[in-house]
Enquirer: 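Dumping the structure here so I can ask a few things about it.
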Protein chains: 2
Amino acid sequence: MKEQLSKKAEQVSLVLKQLAHPDRLMVLCCLLDGEKTVNELVGYANASQSWVSQFLSKMKLSGLVDSQKKGVFVYYRIAEPRLKAIMTAIYKAYCVAGVRSER
Amino acid sequence: MKEQLSKKAEQVSLVLKQLAHPDRLMVLCCLLDGEKTVNELVGYANASQSWVSQFLSKMKLSGLVDSQKKGVFVYYRIAEPRLKAIMTAIYKAYCVAGVRSER
DNA sequence: TTGACATATTATTAAATTATAATATACTAA
DNA sequence: TTAGTATATTATAATTTAATAATATGTCAA
């Protein structure tokens with residue numbers, strides 16, 4: 001039981017490491033809204049094209065996002081429902097105004 | 001609006017950085033269950049007393065947990081409801097068996 | 001086939017984090 | 001007051017991660 005939890009913890013920590021950065025959070029927050037091209041994401045995060053591309057490529061490698069090419073554009077979206085769940089929880093906790101934090 | 005989000009992102013990333021580590025997740029997961037002494041937490045994470053103490057002290061500094069001394073023991077608990085919310089989401093997503101991930 | 005734009009890759013230096021050890025403090029019971 | 005246990009602090013070397021620049025690839029339209 002504890003063994004299992006510690007394996008999960010390993011897995012979750014790999015996901016959280018990818019999120020634990022302001023610009024990366026901005027990108028993911030943006031993806032939470034639906035699929036976006038690389039350039040659209042560059043606009044949201046204050047980061048370079050190269051940086052965003054790198055980040056997305058890592059996220060894709062680990063299966064957290066996937067992408068679809070349409071002509072010149074590459075559309076990225078969140079592929080892992082558990083990532084979506086975590087991002088949604090974060091968004092609700094920190095970005096939805098007027099929600100009283102219950103004890 | 002975007003300005004605000006990016007400030008939030010900064011704030012959230014500081015929280016996530018504290019979580020993004022297997023042993024730290026174990027500790028927090030354990031605290032999700034209720035308050036615990038340092039030694040109890042040392043038992044759950046496979047980490048040294050010194051390490052757990054250090055971690056808790058940082059978390060306390062940033063207001064994510066707080067502690068209460070009872071005799072020789074120091075009881076720690078999650079102080080920030082938003083941390084509790086995120087941890088709960090993570091726990092549900094990764095540790096609750098049998099939950100179908102909805103699309 | 002060339003120019004313009006969208007995306008991807010690679011390399012390198014700077015900076016932050018991790019793991020660990022050693023040691024200190026504080027409380028309690030005897 | 002001393003021994004034993006619980007917790008906290010400090011320091012440092014090793015490892016990761018971050019930031020950035022330079023450049024490459026691929027697609028499309030003219």
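The chains referred to below are lettered A, B, ... by the order of the sequence lines, with proteins before strands, and numbering in each begins at 1. It should be emphasised that the depicted structure is a prediction, and the values quoted were computed from it without experimental measurement.
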Enquirer: Taking OH from B/Tyr75 and C1' from C/dC27, how many angstroms apart are they, rounded to a whole number?
Expert: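 B/Tyr75 atom OH is separated from C/dC27 atom C1' by 14 Å.
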
Enquirer: Under 4.0 angstrom, heavy atoms only, what part of the nucleic acid is A/Phe55 near: base, sugar-phosphate, or nothing?
Expert: nothing

Enquirer: So which one's nearest nucleotide on DNA chain C is more toward 5', A/Phe73 or A/Lys17?
Expert: A/Phe73

Enquirer: Of B/Ser67 and A/Lys70, whose nearest nucleotide on DNA chain D comes first from the 5' end?
Expert: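 Closer to the 5' end of DNA chain D: B/Ser67.
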
Enquirer: Whole-Å distance between C/dT10 P and A/Lys58 NZ?
Expert: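 It works out to 13 Å between those atoms.
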
Enquirer: Using OP1 and OP2 only, check whether a side-chain N or O of B/Tyr76 sits under 4.0 Å from D/dA8.
Expert: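 Yes, because at least one side-chain N or O of B/Tyr76 sits under 4.0 Å from OP1 or OP2 of D/dA8.
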
Enquirer: Does a side-chain heavy-atom distance below 4.5 Å link B/Val74 with B/Leu56?
Expert: no

Enquirer: By nearest atom, which of the nucleotides D/dA6, D/dA19, C/dA6 is closest to the A/Val72 side chain?
Expert: C/dA6

Enquirer: Roughly how many Å is it from NE2 in A/His21 to P in C/dA16, rounded to a whole number?
Expert: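 In whole Å, C/dA16 P lies 11 Å from A/His21 NE2.
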
Enquirer: Between D/dG26, C/dT7, D/dT7, which nucleotide has the shortest distance from any of its atoms to the side chain of A/Lys69?
Expert: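 Of the candidates, D/dG26 comes closest.
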
Enquirer: Classify the side chain of B/Gln49 and the base of D/dA8 as holding, or not holding, a donor-acceptor pair under 3.5 Å.
Expert: yes

Enquirer: Where is the tightest heavy-atom contact between B/Lys17 and A/Ala20, given as atom of each residue plus distance?
Expert: CE-O, 3.4 Å

Enquirer: Rounded to whole angstrom units, what separation is found between the CG atom of A/Asp66 and the C1' atom of C/dT7?
Expert: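 Taking CG of A/Asp66 and C1' of C/dT7, I get 17 Å after rounding.
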
Enquirer: Looking at B/Asn39, does any N or O in its side chain come under 4.0 Å of the phosphate oxygens OP1/OP2 on D/dT7?
Expert: yes

Enquirer: Looking at side-chain heavy atoms only, is the closest gap between A/Val27 and A/Tyr44 below 4.5 Å?
Expert: no

Enquirer: Shortest non-hydrogen contact from B/Leu31 to B/Tyr76?
Expert: CD2-O, 3.3 Å

Enquirer: CE of B/Met59 versus C1' of C/dT17: gap in Å, rounded?
Expert: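 Distance, rounded to whole Å: 16 Å.
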
Enquirer: What integer distance in Å separates B/Leu61:CG from D/dT9:C1'?
Expert: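 Computing the B/Leu61:CG to D/dT9:C1' distance gives 13 Å.
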
Enquirer: Is there a donor and acceptor pair closer than 3.5 Å between the side chain of A/Gln54 and the base of C/dA8?
Expert: no

Enquirer: Are A/Val12 and B/Leu19 side-chain neighbours, meaning at least one heavy-atom pair lies under 4.5 Å?
Expert: no

Enquirer: Remember a base hit wins even if backbone is also touched, and classify A/Ser50 as base, sugar-phosphate or nothing at under 4.0 Å, heavy atoms.
Expert: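 Since a base atom lies under 4.0 Å of A/Ser50, the category is base.
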
Enquirer: Any idea which of C/dT18, C/dT7, D/dT7 is nearest the A/Val74 side chain?
Expert: C/dT7

Enquirer: In whole Å, what is the span from the CG atom of B/Leu25 to the P atom of C/dT18?
Expert: 12 Å

Enquirer: When you check the phosphate oxygens OP1 and OP2 of D/dT7, does a side-chain N or O of B/Ser53 lie under 4.0 Å from one of them?
Expert: no

Enquirer: Atom CG of B/Asp23 and atom C1' of C/dT20: how far apart are they, to the nearest Å?
Expert: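 Result: 13 Å.
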
